[in-house]
Structures are given as structure tokens and as C-alpha cells.
Amino acid sequence: MKPHRLCMTHHLVLSYDLHKKMEVYRPHKAYPVELAQFHSADYVEFLHRITPDTQHLFSDELAKYNLGEDCPVFDNLFEFCQMYAGGTIDAARRLNNKLCDIAINWAGGLHHAKKCEASGFCYINDLVLGILELLKHHPRVLYIDIDVHHGDGVEEAFYFTDRVMTVSSHKYGDLFFPGTGDAKEIGEREGKFYAINVPLKDGIDDSSFTRLFKTIISKVVETYQPGAIVLQCGADSLAGDRLGCFNLSIDGHAECVRFVKKFNVPLLVTGGGGYTKENVARCWTVETGVLLDTELPNEIPENDYIKYFGPDFSLKIPNGFIENLNSKSYLSTIKMQVMENLRCIQHAPSVQMQEVPPDFYIPDIDEDLQNPDERNDQHTQDKHIQRDDEYYDGDNDNDHQMDLP
């Protein structure tokens with residue numbers, strides 16, 4: 001198996017690796033015009049304009065765009081959206097340009113946001129924006145969601161197309177948010193049978209979840225033959241989550257990541273929900289190790305946040321103790337429904353080849369306007385770093401120093 005090249009994005013940085021080493025880089029902050037590739041321009045403009053100090057002047061707009069209780073307005077809201085969305089967009093572009101095989105943005109995965117409104121603390125749907133980027137180079141993209149909540153925003157965005165298949169395994173019923181994700185929701189028109197929902201009940205454990213996950217995803221990949229995969233790794237499906245109701249251990253959750261990685265398809269990995277913060281950190285640390293084929297020691301080393309991981313200071317967490325209401329017969333019924341729907345897909349859909357649209361490039365800085373005597377802040381300096389893995393023309397051409405992959 002060829003060594004994986006891995007890019008990793010974070011709120012502040014973007015990383016790129018050539019041979020299982022991980023270097024971290026800063027992604028660009030997404031521009032309004034990029035966000036409007038999916039979201040309505042008026043919604044993007046309102047997010048850009050609203051602040052905690054002015055929100056009392058816009059009660060009608062707050063209601064229209066669903067900002068308020070679950071989606072509060074806070075200082076630097078729009079910059080927050082720009083950073084996590086820019087991370088996912090850049091991750092997709094690096095995959096498209098074959099700079100890496102796996103790209104990670106743990107700050108992304110805000111899967112509830114809709115075209116014209118916020119939902120469930122999701123304002124901009126970075127996943128949809130990342131998938132739209134991947135579709136420039138790949139005829140089919142598979143989206144997989146293991147958050148405890150249904151990936152409704154992503155499913156809705158691609159509900160009428162066969163170019164994206166969405167697979168969401170989530171808690172369903174008992175008025176659990178967002179209230180969608182029944183197995184009967186399968187897509188419409190050209191997208192019929194390309195939305196797959198795995199509605200689960202409280203208390204599902206590692207063995208039940210991973211067995212069903214592997215069976216379904218294996219058949220999906222075999223049938224759909226995606227050119228790229230986007231995997232949303234919401235950590236609120238872990239045992240002990242403040243809003244969740246599953247019994248998954250970190251090992252069980254990470255096993256899903258390990259399984260998807262084995263398909264050796266270009267892979268974009270994001271975070272998502274998670275409301276017991278120390279377990280979110282544990283989970284995504286372990287899963288970063290999984291994606292790098294690196295086994296991490298269970299003892300957490302000394303660090304500035306060690307107090308949050310007491311009293312045992314260990315990386316792994318055990319299964320939960322919620323009663324498992326998912327009977328074997330119930331899970332078997334769900335599996336049969338999914339398999340029956342997949343049988344309705346005759347073959348992997350194809351698209352007519354077209355000229356690939358260019359990536360957006362809008363420079364952050366006009367160098368001609370900069371004062372050479374003025375000291376730049378760290379963020380500005382980071383934007384000017386020239387990296388050996390990038391390709392330039394002219395004086396900055398480093399290609400002759402590299403062995404191209």
C-alpha cells in the first residue's frame with residue numbers, strides 16, 4: 001500500500017504531509033463569494049453584518065434566518081464561519097490537486113446549516129461547500145455522517161442529485177433533534193435512492209454500530225464507486241456525551257474511521273458535534289492517529305489542559321451503560337431496507353466530462369499597498385509563508401527541488 005499523504009486543517013492552521021509526517025498550515029478564511037456558492041447571498045451578507053450589539057435592531061431578520069436560541073449571535077461570528085469553512089474548502093482543493101490523500105479539518109463538520117438559515121449551532125455548511133469543490137474533479141462523492149444527529153443540511157442540499165450519496169447513522173425518534181432521518185427518506189427525482197438513513201435508538205454499542213456500519217458502507221462503496229469520500233466524525237455519538245444517547249467507546253467510533261480509510265479513496269475528514277469537550281479532544285486525537293497509522297499511548301502526557309482529563313488521565317473511554325434499545329431484529333430490518341434501496345441503483349451514475357471550473361483565488365493582501373517599514377502581525381506573516389509543497393512560476397518555483405508524487 002502506498003504511503004498516505006495527509007493534510008490537516010484547523011481553526012488556525014492547515015497541515016500537509018508527504019509521507020505520514022504531519023505539518024500544519026493555516027487555511028484561508030473563506031470569502032463571502034465562496035460561501036454564496038451554496039448559501040443565499042442575503043443570508044451570507046446578514047451573517048457578515050450582525051453583531052451582538054446590533055441584533056436587537058433586526059428581530060425580523062433573526063427570525064427569518066433562524067438566529068437566536070440554538071444559533072446565537074456572538075462576537076466575531078462571521079470570522080468563525082470563514083475560518084472553519086475555509087478549512088474544509090482548502091482541504092477539498094488539496095485533495096483535488098493531489099497534494100494529499102487524506103485531508104482533515106476538525107473545526108468543520110457543521111452539517112445542519114441550510115441554504116438560507118442557521119440550524120443547530122451550524123451557520124455555514126462547510127461540508128456542502130467542500131463537496132461542491134470535490135465535484136469539480138470527481139463525478140461522484142460519498143458523504144458519511146456518524147454524528148448522533150442526522151446530517152440533514154447535507155442531505156437536503158443534495159437530495160435531488162445522484163452525484164452525491166449521503167449516508168447518515170443517527171439517533172431518530174423521541175423528538176430528537178433535528179427530527180429528520182427516517183429510513184424512508186431516500187432522495188427524490190434524480191437523487192432517489194441516493195440518500196441513505198440509518199435511524200437508531202438509544203444505547204447502541206460498539207459491536208452493533210460497527211457491524212451495521214461496515215455492512216452498509218461496504219455495499220455503498222461497491223455500488224456507488226465514489227471518486228472521493230467526506231466523513232463527518234461528530235463525537236456526540238460517544239458514550240457520556242451531554243446531548244447524546246449512544247454507548248460508543250472511542251475505539252468503536254475510531255473503527256468507523258479506520259474502515260473508511262481502507263478504501264484508499266481520497267478522503268476529507270471533519271469534526272462535528274460533541275458536548276463533553278474532553279472526550280471530543282480524546283476522540284479526534286485517536287482518530288488523527290488512526291488516519292496516520294499511528295498507535296498512541298493511552299496515558300495522556302503532561303500539557304496545559306491536563307486537568308480536564310482527570311482523574312485517570314487516559315486517552316480511551318469505555319462503553320456507556322445506557323440500555324441498548326436496538327434489537328437484532330430492528331437492526332436487521334434497517335439493514336434490509338438499505339440493501340433493497342441500493343439494489344434499485346443499476347450502476348454508478350456518470351456525468352458528461354466538462355472543463356473543470358477554476359478554484360476561487362482572491363488575495364488577502366495587496367502587496368503593492370503594504371508599507372515595507374510596518375511590522376506585520378503573526379496571522380499576516382503566516383499568509384506569506386512559501387511552502388516547498390506548493391507550485392509557483394518564476395522566481396518562487398521550487399519544483400526542481402521536489403520529487404513529485
Side-chain angles (χ1 to χ4, degrees), residues 69-71 106 109-113 119-122 127 143-155 166-185 195-217 231-257 259 270-284 286-287 308-309 315-335 337-338:
E69 292 185 9
D70 281 348
C71 303
W106 290 128
L110 280 77
H111 58 172
H112 295 306
S119 177
F121 201 72
C122 301
L127 293 157
Y143 171 72
I144 303 171
D145 192 315
I146 58 173
D147 195 290
V148 77
H149 301 97
H150 178 226
D152 58 334
V154 182
E155 178 184 279
T166 60
V167 184
S168 179
S169 302
H170 49 267
K171 157 72 177 182
Y172 179 74
D174 305 323
L175 302 179
F176 195 75
F177 183 85
T180 53
D182 192 337
K184 296 176 183 177
E185 298 171 23
I196 295 175
N197 285 296
V198 184
L200 301 169
K201 300 178 182 180
D202 289 2
I204 194 161
D205 56 26
D206 285 353
S207 60
S208 299
F209 189 92
T210 56
R211 187 183 309 116
L212 186 61
F213 180 87
K214 291 178 179 181
T215 300
I216 290 173
I217 296 302
L231 175 60
Q232 196 267 19
C233 298
D236 47 10
S237 47
L238 291 174
D241 188 82
R242 294 187 181 197
L243 296 185
C245 52
F246 287 173
N247 284 328
L248 299 186
S249 69
I250 288 176
D251 281 337
H253 198 274
E255 181 59 27
C256 297
V257 177
F259 185 73
T270 74
Y275 306 94
T276 302
K277 58 184 180 295
E278 59 271 25
N279 289 347
V280 175
R282 287 179 165 106
C283 182
W284 295 343
V286 169
E287 289 172 353
Y308 291 103
F309 301 98
L315 194 56
K316 304 293 180 66
I317 63 167
N319 288 312
F321 302 100
I322 298 173
E323 180 185 0
N324 188 354
L325 301 181
N326 299 273
S327 66
K328 289 183 178 179
S329 61
Y330 175 74
L331 296 177
S332 178
T333 299
I334 295 297
K335 181 180 73 174
Q337 285 181 291
V338 171

Main-chain N/O of [Y] paired with [X] side-chain donor or acceptor, under 3.5 Å:
X	Y	result
Asn326	Lys201	yes
Glu278	Phe309	no
Asp236	Asp241	no
Asn247	Gly203	yes
Glu255	Asp251	no
Ser332	Lys328	no

| said: Students often mix this up, so state it plainly: with edges at 30° and 60°, are the rings of Phe213 and Phe259 parallel, tilted or perpendicular? | reply: perpendicular
| query | Parallel, tilted or perpendicular: which fits the ring planes of His149 and Phe176, with parallel below 30° and perpendicular above 60°? | reply | parallel
Heavy-atom closest contact ([X] atom, [Y] atom, distance):
X	Y	result
Ala254	Val286	CB-CG1, 4.1 Å
Gly273	Trp284	O-CZ2, 4.1 Å
Asn319	Ala239	C-CB, 3.9 Å
Pro199	Gly181	CB-O, 3.7 Å
Gln232	Gly272	NE2-CA, 3.4 Å
Val257	Cys233	CG2-SG, 3.8 Å

| Trace of the side chain to side chain contact (heavy atoms under 4.5 Å, CB included) decision for His253 with Ser237 | CA-CA 8 Å; His253 198 274; Ser237 47; 3.2 Å; yes
| said: Apply side chain to side chain contact (heavy atoms under 4.5 Å, CB included) to residues Ser119 and Phe177 and explain how you reach the verdict. | reply: CA-CA 10 Å; Ser119 177; Phe177 183 85; 3.6 Å; yes
| message | Let's go through Leu331 and Leu200 carefully: what are the C-alpha distance in whole Å and the side-chain angles of both, what is the deciding distance for side chain to side chain contact (heavy atoms under 4.5 Å, CB included) to 0.1 Å, and is it a yes or a no? | response | CA-CA 8 Å; Leu331 296 177; Leu200 301 169; 3.8 Å; yes
[atom1]-[atom2] distance between [X] and [Y], expressed to the nearest 0.5 angstrom:
X	Y	atom1	atom2	value
Leu231	Ile146	CG	CD1	5.5 Å
Lys335	Leu212	NZ	CG	8.0 Å
Asp147	Ser168	CG	OG	7.5 Å
Asp145	Ile196	CG	CD1	13.0 Å
Asn324	Tyr330	CG	OH	11.5 Å
Leu248	Cys283	CG	SG	9.5 Å

| request: Identify the residue among Glu155, Lys171, His170 that makes a side-chain hydrogen bond (donor to acceptor under 3.5 Å, both in side chains) with His150. | output: Glu155
| task | State whether a side-chain donor-acceptor pair under 3.5 Å links Asp152 with His111. | result | no
| query | If we ignore angles and hydrogens, is there a donor and acceptor under 3.5 Å between the side chains of Asp205 and Ser207? | reply | yes
| query | Would you find more than 12 non-hydrogen atoms of other residues, nucleotides or ligands less than 6.0 Å from Tyr308 atom OH? | reply | no
| task | Could you go through the side chain to side chain contact (heavy atoms under 4.5 Å, CB included) check for Thr276 and Leu238 one step at a time? | result | CA-CA 9 Å; Thr276 302; Leu238 291 174; over 6 Å; no
